[in-house]
Protein chains: 4
Amino acid sequence: MANQPKTAKQEAILHAAAQLFARQGYAATSMAQIAAAAGIGKGTTYAYFAGKEDLLLKVFQWHYGRMEDKLNVSIAALGGTASQRLTAMNDAIMTSWTEFKDLFGLVMEFWVASTTPRIRSHFQEAFRGGYQHFRQVVAALLEDGIARGEFDPTVDTKALAAVMVGSWDALLLQAWFDEGFDPLATSRVHMQVLLKGLAA
Amino acid sequence: MANQPKTAKQEAILHAAAQLFARQGYAATSMAQIAAAAGIGKGTTYAYFAGKEDLLLKVFQWHYGRMEDKLNVSIAALGGTASQRLTAMNDAIMTSWTEFKDLFGLVMEFWVASTTPRIRSHFQEAFRGGYQHFRQVVAALLEDGIARGEFDPTVDTKALAAVMVGSWDALLLQAWFDEGFDPLATSRVHMQVLLKGLAA
Amino acid sequence: MANQPKTAKQEAILHAAAQLFARQGYAATSMAQIAAAAGIGKGTTYAYFAGKEDLLLKVFQWHYGRMEDKLNVSIAALGGTASQRLTAMNDAIMTSWTEFKDLFGLVMEFWVASTTPRIRSHFQEAFRGGYQHFRQVVAALLEDGIARGEFDPTVDTKALAAVMVGSWDALLLQAWFDEGFDPLATSRVHMQVLLKGLAA
Amino acid sequence: MANQPKTAKQEAILHAAAQLFARQGYAATSMAQIAAAAGIGKGTTYAYFAGKEDLLLKVFQWHYGRMEDKLNVSIAALGGTASQRLTAMNDAIMTSWTEFKDLFGLVMEFWVASTTPRIRSHFQEAFRGGYQHFRQVVAALLEDGIARGEFDPTVDTKALAAVMVGSWDALLLQAWFDEGFDPLATSRVHMQVLLKGLAA
DNA sequence: CATGAATGAGGCTTCATTCAT
DNA sequence: GATGAATGAAGCCTCATTCAT
C-alpha cells in the first residue's frame, strides 16, 4: 500500500484535496475547488487521477501510508516493558492525530465512502485490512507482554487489541464534536486501567 | 428530543429515508428514490419535510430518540452490583445495535453530516449533547460503584465513561468493515478487563 | 364587459388575487397564497375560476369594468366648456389612480400578460378595445370643443386623444418608479399647454 | 452603464434571451430554450451569467445602454431651433423603436420585473435613473428654447419633459396592442400642439 | 359545496468530465 | 503536458391542479 506521489504536482493535488475534503466534506468539495487550491488548471487533475472517486481513494491511501509509516517508526523505537511500549504507542498515535485534528474529518469521510455502493468495495477492504493490521500489531505487543510474564495469559489479546485500536477512533470522534474533550488524557486513563486489569 | 412522527405517511418517509441513507449513503440517495420507496409522489415529501437536509436531521432525531428510550428502559431495569449493571448495559446496547446492523451506516452518515458546513451546527450540537448524556449516565454508574466500595475511588470516572461509550461506536465500526468481527464478544472482554482494573 | 362577481366568495378571491398580483407580481403569486388571503381552501378557487390564468383575466375584467364605470359617471357629471370637461376628466382619472397607487402594478401585470403567447389573445384584444374606447371618449370631447368653436378645427383629435389617454399610463408609470414624482400635477401642466396649443 | 458584452458567445446569449423574453415573456422562457436558441449547452449560460434573473438584468442594461447611445448620438447631431431639435429627437426615438417593434415586449417585461420583490431594487433604481436622465435631457432642450425666446418662460419644463418622455412609452404601448395604430404620426401631432401651446 | 392532501411535470442550477487549443 | 471553455446528466424543489372525503 505504498502509493507515494511521484510528481510534486500530484502531491499538491492530494494535499489540496485532503484539506478540502476534511474541511467541507467530500460531497461539498468540487473538483474546481481542488484544482484552484492546488494552483493548477481544472483539467489537469485528470492527468493524475482518474476522477473524483479515485482522488478520494488516493488521498486515503496516501494518508494511510503515512500513518502506517509513523506507527512502524514509533514501534521500532519502542523499548522497555510491554506496558511501557503500549503506553508509548497510545501516546504517539493520540498525539500525532491531535496535531492535525481537522484531518480527522477526512477519516469520517473515508468511513462514509464505504457506504456508497460504487466505492464501497475499495474502502471496505482497505479499512478491514487496516484494522486487522493495527489490531495485529497491538495484539503482538500484548502477547509479548504475556510471554514476558507481565500480563495475564488468559486474556483475549485480539479482542483487547480491537478495543485499543477502536479507542483511538472513538476518542477522536468525541473530540471532534466537543472542543472541551481531551482525547489524549482520556486515553491515558484508559491505558492505566487496562494495564491494571491485565496484570498477571 | 421527542420527535415522534405524527402521520403514518411521515413515518413511512422517515423509514424509507433511513433505509436508503443507511444503504447507499446520504449523497447517493435522491429524493425521488425516497419518495418511490415510501410509495408516494415526488412532491409529497415536501409536505412533511422542508427538504433533503431537514429529512436527514429528522431521521437522526427519530433514531436518536428511539435509542435513548431503549437505553433508559434498560437502565431502569438494571439491578445488582455496579459491575453487573455496567455489564448489563454494555450487553443491551451492543445487542440492540447488532440487531439492525445495517442501520449503523446511518450513524456514519450523521457523523459526516457534521462535516458539511451548512448542516454542521445542528448535528455537531446534537452529537455533543448525546455523548455528554451517555457519558454522564455511565459515569454515574461508575461513581455509584465507587460509593458502594466496588471500584477504586481514585479512578477518573468521566474519562472511563468516555471510553466505554466510545467503545460502542468503535467496535460497531470495526464490525461494519469486517463481517467476521464480533463486537458483542469483544466488548465483553473489554468490560472484564476494565472491571478487573477498576477493582477497589 | 360587465362581469360583476356573483358571490361574496368570488369577490373575495378576486380581491385577494388583485392585491397579491399587484404587490408581488403574477408569477410570484401562488394559488395557495391567494386562497389563504381570501380565507378559503386551496381547492375552492377552482370552483369559481378555471385556473390561474383565468383568474388573472377575471381580475382584469373586474378592474376594467370598475374603471369604466367610474369614468362614465364622472363624464356624465361633467359640465361647462370642453376645456373644463377635459381638465375635469384628467383630474378624475389621475386622482382616482393615485389613490390606490399600488394597484398600478396590476396594470403592468396585465400588459405583460399580453406578452405570454397563450394568454395573449384575451388581453391584447381587451386592451385594444379599452384603448379604443377611451380614445373615442376623449376624441368626442375634443370634437365637441371644436364644434363649440373652442378648439382649432384642423387638429387631429384621434391622435391627441391617444396622447392624452397615454399620458395617464405614462405618468403613473414614472410615479411607479419614482416616489418623488407627482403625476397629477404633471398631467395638469400637460393639459394647460395642450389646451393652449389647441385654442381656436 | 456601459456593459458591452465582451465575448461573442456572451452576446449570443443576450441576443437569444432578449428575443425570447420579448416574444414569450420572461416567465414563459426557460433557460433551456435560451441556451438552445443561442446554440450552446444548457450549462454554458451559467459561465456567463449568474442565473436567470441576472440574465434579465444584463439584457436590460445592454438595451438601455444601446438606447442611451443612440439618443446621445442623435442629440449631438441636432441643430436649428429648439422646436426643430425637439421634433427631431421625438422622431428619432419613435422611429428607432418602431423599427424593432417586437422588442418593446422586453420593455414591458422590465417594467414588470420591477414588481417582483427580489428583483425590484435593481430595476426600480435603473428605471428611476433612466427616466430622470431622459427627462433632464428634454428639459434642457426646453430651457434652451426658453433662453432663446422661443418658448413661454412660465412653463414647467420638468413636467412637460416628463410628459414627452412618457408619450414615447405610452404610444408604443398602444401600438403594441393595436396593429393599426401609428405611434410616430401620433407623436408628431402631439409635438405640434405642444409647441404651439409652448410658443412665447 | 368545501377542503387540503397528494401529485408530477417542469424549471433552475450544479458540477464531474471532456477535448480542442 | 496543461488548460479552461463547454457540456449535459441529474438533482432538488415549486406549484398549478385534481379528487376523495
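These numbers come from the heavy atoms of this one structure, side chains and all, not from hydrogens, waters or symmetry mates. Numbers restart at 1 for each chain; the letters A, B, ... are given by sequence-line order, proteins then strands.
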Do C:L56 and C:F123 pass the side chain to side chain contact (heavy atoms under 4.5 Å, CB included) test, and can you show the C-alpha distance, the side-chain angles, and the key distance before you say yes or no?
CA-CA 10 Å; C:L56 180 65; C:F123 280 88; 3.8 Å; yes
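- With a cut-off of 3.5 Å on both pairing distances, the Watson-Crick and G-U wobble pairs of DNA chain E assemble into stems of 3 or more at E:2-21 with F:2-21.
- Each side chain to side chain donor-acceptor pair (under 3.5 Å) pair with one or both residues in residues 35-48 of chain C, not counting sequence neighbours, would appear here, but there are none.
- Looking at residues two or more places apart in sequence or on another chain, you find a side-chain hydrogen bond (donor to acceptor under 3.5 Å, both in side chains) between C:S114 and D:W176.
- In this structure, C:F49 places its CZ atom 18 Å from C1' of F:dT18, rounding to the nearest Å.
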Assign a letter to each nucleotide of nucleotides 3-12 of chain F from its 5' end: B, base within under 4.0 Å of a protein heavy atom; S, sugar-phosphate only; -, no contact.
BBBBBBBB-S
Evaluation steps, side chain to side chain contact (heavy atoms under 4.5 Å, CB included), between D:V59 and D:H63
CA-CA 6 Å; D:V59 168; D:H63 276 273; 3.8 Å; yes
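- B:F60 and B:F110 have perpendicular rings, their planes meeting at more than 60° on a 0 to 90° scale where under 30° would count as parallel.
- Taking atom CD of A:E53 as the reference point, atom C1' of E:dA16 lies 11 Å away to the nearest angstrom.
- Protein atom CG of C:L20 is 16 Å distant from nucleotide atom C1' of F:dA16, rounded to whole Å.
- Contacts of D:R23 classified as side-chain hydrogen bond (donor to acceptor under 3.5 Å, both in side chains), with partners at least two apart in sequence or in another chain: D:Q19.
- Every residue two or more places apart in sequence or in another chain was checked for a salt bridge (Lys or Arg N to Asp or Glu O under 4.0 Å) with A:E125, and none qualifies.
- No donor-acceptor pair under 3.5 Å is formed between the side chain of A:T7 and the backbone N or O of A:Q10.
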